[in-house]
Structures are given as C-alpha cells and as structure tokens.
Enquirer: 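Sharing a structure with you now.
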There are 2 protein chains.
Amino acid sequence: MHHKIKDKIDRLKNLSYLYSQLNSIQKIDMKRKVTLKQIAKELDVSISTVSKSLRDSPEISEDTRQKVQAFAKLYNYKPNNIALSLKNKKTKTICIIIPEIIHHFFATVISGVEHVANENGYNVLVCLSDESFDKEVINMEMLAGGSIDGFIMSLSKETQQRRDFHHITEVINQGMPVVMFDRVTNDILCDKVIIDDNLAAYNATRFFINKGYKKIALITTVDYVSVGKLRTDGYTKAMMDHDLKVDPNLILKIEDTDNFDAQIEALIRDQKPEAIFAVNEIFAVTAIKIAGKLGLKIPTDISIIGFTDGIISKYSTPSISTVSQNGVKMGEKAAKMLIDRLENEEMEIEEHYKTEVIETALVERESTR
Amino acid sequence: MHHKIKDKIDRLKNLSYLYSQLNSIQKIDMKRKVTLKQIAKELDVSISTVSKSLRDSPEISEDTRQKVQAFAKLYNYKPNNIALSLKNKKTKTICIIIPEIIHHFFATVISGVEHVANENGYNVLVCLSDESFDKEVINMEMLAGGSIDGFIMSLSKETQQRRDFHHITEVINQGMPVVMFDRVTNDILCDKVIIDDNLAAYNATRFFINKGYKKIALITTVDYVSVGKLRTDGYTKAMMDHDLKVDPNLILKIEDTDNFDAQIEALIRDQKPEAIFAVNEIFAVTAIKIAGKLGLKIPTDISIIGFTDGIISKYSTPSISTVSQNGVKMGEKAAKMLIDRLENEEMEIEEHYKTEVIETALVERESTR
DNA sequence: ACCCCTCCCGAAAACGTTTTCGTGTTGAAA
DNA sequence: TTTCAACACGAAAACGTTTTCGGGAGGGGT
C-alpha cells in the first residue's frame with residue numbers, strides 16, 4: 001500500500017519535473033537572480049538538498065545531485081555573495097583610501113593593491129579623501145559597518161595637519177586591520193609600508209654634493225606633510241654632514257599646490273642655484289620649464305632631481321632624474337600585509353606590527369650630468 | 001500565584017540589568033562589532049525594540065528610546081551594512097571596470113565616478129581588466145553575484161578584438177544596469193558615454209589643413225580598438241573632404257604599445273610630414289622627443305596634436321596641443337546615468353537607453369602655431 | 001520477525017537587520 | 001463595572017546562504 005502511494009508520488013514528481021523543465025522560462029523569471037529556494041521549489045526538494053548538491057556533498061545521491069546541478073546551470077545560478085558575507089562575517093573586500101587618484105603615484109599603488117588582492121580573491125573598494133579630513137572620516141565610518149574586511153590608507157593632508165586620528169584608532173579597536181602607506185603617522189600602531197624618505201633625500205642631495213655643487217636648492221612642501229618633512233630633513237642633514245651651510249633662501253616651502261610658478265621663478269632668478277632637488281614631479285618639471293624660460297641650459301647651467309618616478313619625469317624634455325618610489329611594489333606589499341593579517345586572524349598575534357621599507361633608487365636621466 | 005512568580009522574575013531582571021550596567025565592559029567584547037541582539041540582551045528588551053528605538057520610531061516610549069540610544073552610543077553601535085544589503089537587496093556599491101588605472105585618462109574617469117557616487121551614497125569598487133578578456137569576464141561574473149548594484153565599464157583591448165560580449169549581455173539580462181564609456185560597442189544595448197571621436201579627429205585634422213599643411217601624418221592604434229578606428233576614420237574623412245590624398249605611408253598603426261619609437265622615427269625621417277596627429281598622449285610626446293632628436297624645431301618645422309588632455313601634454317616641453325577628452329566629466333555622467341537607472345528601477349523603462357556625447361575641444365599649446 | 005546500519009534527505013538555526021502584526025496593560029469614557 | 005482606544009512592546013517573517021542534526025526508508029544479518 002505504501003508502495004503504491006509512493007510510486008504515484010514519484011510519478012507525479014517526475015511529471016512536475018518534466019513540466020517544469022518545459023515551462024521553465026515562464027515559471028522562473030529569468031530577469032532576476034535565481035536563488036536556492038526557487039530551485040528547491042521547482043525541483044520539489046529542500047533548500048538544504050540543493051545547497052548540498054551544488055557543493056558536491058557526499059550526503060546527496062548521484063541522481064539528485066546531477067538533476068540539481070543541471071537545473072542550476074540552466075538557470076545560471078550564482079550564489080549570493082551578500083548572503084555569504086553575512087554568514088561568514090567576511091566580505092572578501094578591502095578598501096584603499098587615498099588623497100587623490102589623479103596623482104600617478106597613487107594610481108600605481110592602487111594597481112599593486114588590486115593585483116595581489118585579486119590573486120587572493122579579494123575585491124578593492126577605492127575611496128578618495130580629496131585631502132579632506134571629513135571625507136576620510138566619513139568614508140571610514142561608513143565602511144567600518146561591516147562592508148569591508150580591512151583598510152589600506154594614506155593620510156590626507158588635512159588629517160596630517162590636525163593630527164586627529166580617532167577614526168583610525170576606532171576602526172582598529174573594533175578589530176579591523178589597517179595598513180598605512182607613504183603618508184603615515186607614529187601616533188597610530190599598525191602595519192605600515194613606507195620608503196625611507198629621509199635617506200632617499202639625503203642620497204639625492206649627496207649626489208649633487210659629490211658633483212661639486214655648493215648652492216643646492218630645495219623645493220618642498222609645508223612641514224605637516226609627513227613625507228615632505230622627512231625629505232626636507234634628509235636634505236638638511238646631507239648639507240650639514242658635508243659642511244655646507246643650509247641657506248633658508250635656498251629652501252622653498254610651497255603651500256598652495258595650485259599656484260607656485262612665481263615662487264619657483266623667483267628662487268631660480270634670485271638665488272641662481274647650481275642644482276635643485278624637488279620633492280615631487282610637478283615641482284621638478286615646473287622648475288625645468290622655468291629654468292628653460294630663463295635661458296638656462298639643463299643640465300649644464302643647472303641640474304635637477306625630482307621625486308617619484310612617474311610618467312612626467314620619463315616623458316619630459318629633458319627627461320628628469322628622480323628618486324624612484326615604486327608605487328606598485330608599495331601597493332603589493334601593503335595588500336600582502338593586510339591579507340596576511342586577515343587570513344591569520346585566528347592566530348591573533350596583535351601588537352606585532354611591522355613597518356616595511358621599500359627601497360628607492362636614483363634614476364639618472366637628462367636633467368643631471 | 002502567577003503574580004508572585006512574575007514579581008520575582010521582574011526583580012531578577014532588574015538585578016541582572018543593574019549588574020549588566022555595572023559590568024558592561026566585561027560583558028560586551030568591545031573588540032568586536034556590537035549588534036542589536038547584544039544590546040537587546042543587555043537591556044533586557046527585544047531586538048525589535050532596540051531597532052525601533054534607534055530609528056526613532058513613535059512606537060517606543062521616550063524612556064526606553066533614550067536608554068537604548070545611550071547604550072548604542074556607549075558601545076559605538078553601527079548597523080551592519082551587509083545585513084542591510086541582504087534585506088534591501090541593494091548594496092549601494094557600483095563597480096567600474098577599466099583596462100588600466102595608470103593611464104591618466106582612466107584615473108580621471110574614476111575620479112568623476114567616485115565623486116558623484118559618493119554624493120549619492122554609493123561606494124565604488126574598482127576592477128582592472130589589464131586589457132585581458134578573461135580578467136574582465138572573471139570580474140564581472142564574480143561581482144554579478146549580488147555584490148554590487150551596477151557596472152560602469154570600458155572594454156579591454158582583447159574583448160574588443162574578440163567581439164565576445166556574452167558576459168555583459170548576461171549581466172544585463174539578469175537585470176543589472178551597465179553603463180559603458182569610451183571604449184564601447186554597438187553589439188551591446190545599454191547606456192553609454194562617449195566623445196565624438198570621429199568628429200574630434202576630423203576637427204584636429206582640419207585644423208592642420210586650414211594652416212595650409214598637405215603632408216599630415218597620423219599615428220594611431222590598430223583598428224580593433226574602437227576609439228582608434230573612429231579617430232582614424234575622422235582623419236581620413238577630413239583629408240578626403242578637402243581633396244587631399246590619404247597616403248598610407250603617412251599612417252602609422254601601432255600594435256605593440258611598448259616598443260614603437262623606431263616606427264615613429266622612421267615615419268618622421270622618411271616621410272618628413274609637416275604635421276602629425278597622434279591618437280594619444282604617449283604617441284604625441286614620443287613624436288615630439290624624436291622630432292627634437294632629429295633636429296626639427298617645433299612647431300616651426302613640424303606641428304603636433306595629441307589626444308586626451310592629460311598631464312603629459314601639459315608639462316611636456318614644448319607643451320602639446322591636444323584634443324581634450326574630459327575624463328572627469330565622462331565619469332560623472334556615467335555615474336549619474338547608472339544611479340538614475342538604479343533609483344528609478346521601479347519605473348523599469350527598459351530599452352530606453354541613451355548615449356551621451358561629451359564635447360571635446362582643441363587645446364592649443366606650444367606644439368602648434 | 002527483529003535489529004542495526006547505511007543512505008538520503010529535510011528541518012532548523014545562524015548571520016544582523018527591518019517591519020508587520022499581534023497582544024497585554026493602562027487609562028478614560030460610558 | 002464594562003468597553004474601547006492608546007500606548008508600548010515582543011514575536012516572527014523575510015533577505016539567501018551553510019551546516020548540524022535528526023530521522024525515515026531500505027537492506028542485510030541474526
């Protein structure tokens with residue numbers, strides 16, 4: 001008796017199975033994402049069975065497994081990442097916060113981050129602080145709400161000026177790992193990736209000194225930008241180490257990054273330096289253009305070294321010697337450190353933070369001899 | 001009898017409440033994110049009550065609302081975005097897929113996208129295809145699994161070469177909006193943001209023709225890159241419209257974007273063009289450097305116009321006249337179109353796709369006269 | 001005829017929200 | 001005293017998964 005009933009049910013199941021096969025297009029709205037529940041309903045099995053079938057669980061018979069998998073493929077089933085994130089408490093997404101993306105250096109860092117992130121199955125969310133403290137805070141607070149697994153960031157100018165890092169400590173205290181790069185601060189304990197700005201500037205300055213130059217000018221940023229300060233210090237130390245006086249008139253600290261041509265022109269015209277060390281590409285290329293305008297030959301009349309081996313330095317005429325700062329490598333390293341911490345979070349070896357220093361090199365081109 | 005039991009329970013509850021108040025720091029792990037459930041437990045109310053209190057629901061008494069809000073602030077409660085995404089079926093995240101980020105143009109597009117996305121409460125996921133078809137497909141399939149609300153993309157070279165767009169149609173068929181920009185295809189129906197490459201090239205070429213030049217060279221890409229082809233067509237049409245013969249020897253189609261100096265040098269040396277129109281910045285600046293090396297004065301001996309108003313053109317010596325292609329504006333427009341479609345998806349005005357054309361302009365600098 | 005083991009499968013909890021609906025208590029009006 | 005509204009709150013479903021556990025059916029061995 002039981003058998004008879006069961007047979008009937010089975011036949012009905014097969015019938016409904018075939019029916020659903022034939023009318024699948026009407027029954028499931030192809031426009032929307034298909035879920036386990038829908039497949040389960042169509043096939044008249046439970047959600048668990050569908051899930052297990054798709055994950056090749058040994059609990060499921062060969063028969064139903066194939067049936068489910070065929071259906072899933074037919075409907076182009078893809079598991080819902082959000083649901084998985086909620087369950088696993090992992091989003092497989094990391095966020096990189098940078099001041100500006102149109103700076104070539106930051107673009108190369110993103111490139112590095114993206115590549116190792118992708119290799120490890122992570123996605124990269126990009127946030128721009130626009131050098132604004134508020135945007136940095138807003139972004140971090142927003143994303144800290146479970147949207148991502150960790151941060152990679154470079155401080156905005158305003159944040160460095162204010163020395164207010166509460167948003168970062170807060171995130172770290174909630175157990176979310178943070179890796180800082182380039183523009184970092186000692187006030188925060190976390191993994192960091194930097195270059196030795198001080199040493200790199202020292203070496204560049206010494207390069208000039210070894211050529212016999214005495215009047216070496218420096219075009220730098222205001223001191224609250226951490227890397228600017230470090231590079232200024234390196235320049236100063238190199239001068240002093242070699243018994244050259246540090247002439248304040250030869251040091252130009254630029255605040256307004258939009259309008260500084262006149263200042264550089266005044267520096268070159270009035271001080272007539274033999275060499276210029278600029279802490280970024282834009283300052284360097286501008287100095288070159290102005291020197292040319294003033295009738296100076298490069299590098300015979302004046303030599304110039306920039307910082308950040310970007311696209312401008314390479315394609316400028318004359319091409320610019322620079323301290324190369326490998327953004328890709330920094331990004332890769334930062335991503336590696338972050339992912340390491342995420343994957344090994346069971347070990348919970350907190351407070352064992354590392355600071356990686358990426359090596360720099362002086363790339364000699366046409367602006368020096 | 002019942003009353004007595006209830007009283008006892010109430011007293012116990014109050015006791016536990018006070019206890020929890022006093023020992024709250026131990027009881028809730030500050031290190032981890034705090035949830036509604038935890039707050040509810042601590043305060044001995046239901047999850048619903050906590051949720052409503054935090055959202056200032058009128059259903060909740062002033063008393064408990066304040067208590068809950070105070071607690072939430074104390075523990076720095078932030079709602080879990082993933083849970084919200086799952087419930088609302090909206091992630092408030094859009095993805096932009098580009099071939100490479102180190103190209104200044106694409107960086108500016110991201111900048112534009114990010115800004116309007118942020119203004120509207122969206123985050124931006126950046127994916128790099130590295131000009132690879134496979135990476136493009138992988139990225140899209142991965143993200144289509146509910147991680148994001150929509151795509152903004154520019155096709156990889158390989159995808160354009162293969163003319164295989166199944167991954168894009170698939171995503172669109174699942175109801176996820178896609179906006180393409182710059183490198184688009186007619187094979188896909190969706191919103192698009194482009195510039196009139198053909199017309200821009202036509203105008204640049206005509207600029208030369210109006211100056212009286214006859215030998216006008218073109219440095220372009222292989223034809224399967226959509227924008228390269230369009231710009232080549234514009235050049236050709238301008239020549240023909242003005243009764244100038246289109247000399248194949250004056251057209252250089254560059255395939256290998258890493259090693260083309262020799263080809264450009266041969267073109268300039270052997271053909272001695274009066275003017276060169278290059279379809280991107282790199283080709284233009286390389287032509288300038290080579291012309292200089294060959295002893296040609298710019299713009300007296302030879303004039304040059306590039307494409308894409310990027311950082312190189314501005315800082316090159318001499319600075320380069322270019323067809324400006326406003327990446328920021330393209331990004332902004334693309335993001336607006338995508339978000340519009342997302343927010344008005346109830347209206348479901350499918351198939352009403354638009355193609356926005358961003359205007360270009362010829363920016364005259366030192367490489368032309 | 002009974003027991004046990006294996007094979008398949010379903011129910012339910014969990015992740016963290018929001019929201020609808022139901023319900024108990026209170027006070028006032030009849 | 002009864003009735004009804006207002007008020008304050010809780011239970012439960014829902015979003016889409018994964019996974020643990022329990023259990024029914026069937027077969028083989030006594």
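Throughout, a chain's letter reflects where its sequence line sits, starting with A, and its residues are numbered from 1.
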Enquirer: Which nucleotide wins on minimum distance to the side chain of A/Thr49, given the candidates D/dA8, C/dT17, C/dG10?
Expert: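 Of the options given, the side chain of A/Thr49 lies nearest C/dG10.
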Enquirer: Taking OH from A/Tyr77 and P from D/dT18, how many angstroms apart are they, rounded to a whole number?
Expert: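 So the OH-P distance, A/Tyr77 to D/dT18, works out to 5 Å.
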Enquirer: Report the C-alpha separation of B/Glu62 and B/Gln66 in whole Å, then their side-chain angles, then the decisive distance to 0.1 Å, and conclude whether the side-chain hydrogen bond (donor to acceptor under 3.5 Å, both in side chains) test is met.
Expert: CA-CA 6 Å; B/Glu62 185 64 18; B/Gln66 297 213 346; 2.9 Å; yes
Enquirer: Could you check which of D/dC9, D/dT17, C/dT18 has an atom nearest any side-chain atom of B/Thr64?
Expert: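 Nearest to the side-chain atoms of B/Thr64, counting from C-beta on, is D/dC9.
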Enquirer: Could you check whether atom CG of A/Asp63 has more than 12 heavy atoms from other residues, nucleotides or ligands sitting under 6.0 Å from it?
Expert: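 Atom CG in A/Asp63 is not crowded, with 12 or fewer foreign heavy atoms closer than 6.0 Å.
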Enquirer: Can you identify which nucleotide, out of D/dC9, D/dT19, D/dC15, has its nearest atom closest to the B/Lys87 side chain?
Expert: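 Selected nucleotide (nearest to the side chain): D/dC15.
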Enquirer: Looking only at side-chain atoms of B/Leu86, point me to the closest of D/dG16, C/dC9, C/dT18.
Expert: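 Output: D/dG16.
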Enquirer: On DNA chain D, check which nucleotide each of B/Ala83 and B/Glu59 is closest to and give me the residue with the more 5' one.
Expert: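 Looking at DNA chain D, the more 5' nearest nucleotide goes with B/Glu59.
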Enquirer: If each of B/Asn88 and B/Val50 is mapped to the nucleotide of DNA chain D with the nearest heavy atom, which maps nearer the 5' terminus, i.e. the 5' end?
Expert: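 That would be B/Val50.
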Enquirer: Looking only at side-chain atoms of B/Lys89, point me to the closest of C/dC9, C/dT17, D/dC15.
Expert: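 Nearest listed nucleotide: D/dC15.
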Enquirer: Atom NZ of A/Lys37 and atom C1' of C/dA12: how far apart are they, to the nearest Å?
Expert: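 It is 14 Å, rounded to the nearest whole Å.
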Enquirer: Would you mind classifying the nucleic acid contact of B/Ser51 as base, sugar-phosphate or nothing, using non-hydrogen atoms under 4.0 angstrom?
Expert: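 It contacts base atoms.
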Enquirer: Tell me what A/Ser61 touches on the nucleic acid: a base, only sugar-phosphate, or nothing, going by heavy atoms under 4.0 Å.
Expert: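 Sugar-phosphate contact only.
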Enquirer: Out of C/dC21, D/dT17, C/dG10, which nucleotide sits closest to the side chain of B/Lys52?
Expert: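 Nearest listed nucleotide: C/dC21.
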Enquirer: Between A/Phe133 and A/His166, how do the two ring planes meet: parallel, tilted or perpendicular, split at 30° and 60°?
Expert: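 Geometry flag for A/His166 against A/Phe133: tilted rings.
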Enquirer: Answer with base, sugar-phosphate or nothing: what part of the nucleic acid does B/Thr35 contact at a heavy-atom distance below 4.0 Å?
Expert: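 Contact class for B/Thr35: sugar-phosphate only.
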